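Just below is one structure, and these are the notes that go with it.
A, B, ... follow the sequence lines: proteins, then strands. Residue 1 opens every chain. The model shown is predicted, which means the values in this text are computed figures rather than measured ones.
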Protein chains: 2
Amino acid sequence: MSPAAAEPSEGSLLLDDQLCFALYAASRAVTARYRPLLDELGLTYPQYLVMLVLWEQDSISVRDLGAALQLESSTLSPLLKRLEANGLLRRERRVDDERSVALRLTEGGHRLRERAGQVPLAIGDAMGLTPEQDTLAKQLLRLITANVTD
Amino acid sequence: MSPAAAEPSEGSLLLDDQLCFALYAASRAVTARYRPLLDELGLTYPQYLVMLVLWEQDSISVRDLGAALQLESSTLSPLLKRLEANGLLRRERRVDDERSVALRLTEGGHRLRERAGQVPLAIGDAMGLTPEQDTLAKQLLRLITANVTD
DNA sequence: CACGTATTAGTTGTGTGCGATTTAATCGTG
DNA sequence: CACGATTAAATCGCACACAACTAATACGTG
């Protein structure tokens, strides 16, 4: 920090004072960094996040997937259709509750997990934070998310 | 932090270990928080960011605006057309370099600044960070952005 | 068990984001 | 000054994101 820097942070309309812009820019920059890696897997970034959830817990409902990713069904439905068209998962109506759709990985969906294993390391490396900074950043981001949500 | 928490952070494929997801979720949550406030101004969130830049520096080129926001012309061109259609700015070809387009606020565009004045306080309030946390978060996010941008 | 309410996915419409390409204008080097 | 390289915007195609709405199913209470 330059010692003589003014502190107009509160209520300023200057772009560079705004935490919200730092957040928005960082999010897009990180996604851009993922893009070439995920291209090789045939995934977009949101599709990759869906696959993370499914590798963790197969046969999840669209509803629970949306809760995990904080995404609406209007976002997930077309995305899941693309993953199904690409042969990574199947969508099946639950027999016990036909309102619900279970997402089940195909063989190809499971196999992709091995190829994805390198991705988090590569990204973590690119971010270049110390473990302490990484933990701190996650804590702050979760605090912001929690405070801002309702 | 729970003291006994394992540290599988490096190389984990668990969604909740990933800084990238915390970032993505926080960015969307903050944007969602802005939405009702910006609705009253007739702006979307990216449009609001454009207006922040223009209030700071009028008569900027599309190129420099893109550099400030880290957005491509393919994103900005349609967005700027909407702002022009809503009467907030005009786009004029530069006389000294006809490749370039200068963005100039209209009277209405300037007037909107007063109504937008409350927005940063309201958002800062909702985020609920201490000034120290706010500064720290901005530093970490800028570090990530810089590291990740080749 | 009938019927109003709630829940779950999906559809539609609008607005980003970005890669690839296009068009027009300017620059640089011989 | 000629002409290939570069630059600035815009266009196109695709994939999110989300609000508003719809359709189908399940639930709960009288």
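Distance CG (A/Leu76) to C1' (C/dT11): 14 Å, rounded to an integer number of Å. We find that CZ of A/Arg35 is positioned 12 Å from P of C/dG17, with the value rounded to whole Å. Between the CG atom of B/Asp39 and the C1' atom of D/dA20 there is a distance of 13 Å, given to the nearest Å. For the pair A/Leu38 CG and D/dC14 P, the interatomic distance rounds to 20 Å; values are reported in whole Å. In this entry the distance linking CD of B/Glu84 with C1' of D/dA10 reads 13 Å, nearest Å. In this structure, CG of B/Leu71 is placed 14 Å from P of D/dA10, rounded to the nearest angstrom. With rounding to whole Å, B/Ile60 atom CD1 is found 13 Å from D/dA8 atom P.
The phosphate of C/dT26 has neither OP1 nor OP2 within less than 4.0 Å of any side-chain N or O from B/Arg99. Between C/dG15 and B/Gln47, no contact under 4.0 Å exists linking OP1 or OP2 to a side-chain N or O. Checking the phosphate oxygens (OP1, OP2) of D/dA10, a side-chain nitrogen or oxygen of B/Arg91 falls inside 4.0 Å. Proximity of A/Thr44 to the phosphate of D/dC16: a side-chain N or O atom is located under 4.0 Å from OP1 or OP2. Phosphate proximity of C/dG17 to A/Tyr24: present, with a side-chain N or O under 4.0 Å from OP1 or OP2. Between A/Thr75 and D/dA17 there is no side-chain polar atom (N or O) within less than 4.0 angstrom of OP1 or OP2. Residue A/Ser74 has no polar side-chain atom (N or O) positioned under 4.0 Å from OP1 or OP2 of C/dT12. The side chain of B/Arg94 contributes no N or O atom lying less than 4.0 Å from OP1 or OP2 of D/dA9. Considering only side-chain N and O atoms, A/Lys81 lies under 4.0 angstrom from the phosphate OP1 or OP2 of C/dT11. A close approach under 4.0 Å does occur between a side-chain nitrogen or oxygen of A/Arg28 and OP1 or OP2 of C/dC18.
B/Glu98 places no side-chain N or O within 3.5 Å of a backbone atom of B/Val95 that could act as its donor or acceptor partner.
Remark: A/Glu92 engages A/Arg104 in a salt bridge, criterion side-chain N to carboxylate O under 4.0 Å. A salt bridge does not link A/Asp39 with A/Arg35: every distance from a Lys NZ or Arg NE/NH1/NH2 to an Asp or Glu carboxylate oxygen is 4.0 Å or more.
When hydrophobic clusters are built by joining Ile, Leu, Val, Met, Phe, Trp and Tyr residues whose side-chain heavy atoms come closer than 4.5 Å, directly or via intermediates, A/Tyr24 is grouped together with B/Leu65.
With the nearest nucleotide of DNA chain C identified for both B/Leu79 and B/Val95, B/Leu79 has the one nearer the 5' end.
For B/Val62, taking side-chain heavy atoms from C-beta onward, the closest of the listed nucleotides D/dA10, C/dG17, C/dG19 is D/dA10. Closest to the B/Glu72 side chain, of the nucleotides C/dG10, C/dG19, C/dT26, is C/dG19.
You'll find a donor-acceptor pair under 3.5 Å spanning the side chain of B/Ser73 and the base of D/dA10, going by distance alone.
Classified by interplanar angle (parallel below 30°, tilted 30° to 60°, perpendicular above 60°), the ring pair B/Tyr34/B/Tyr48 is tilted.
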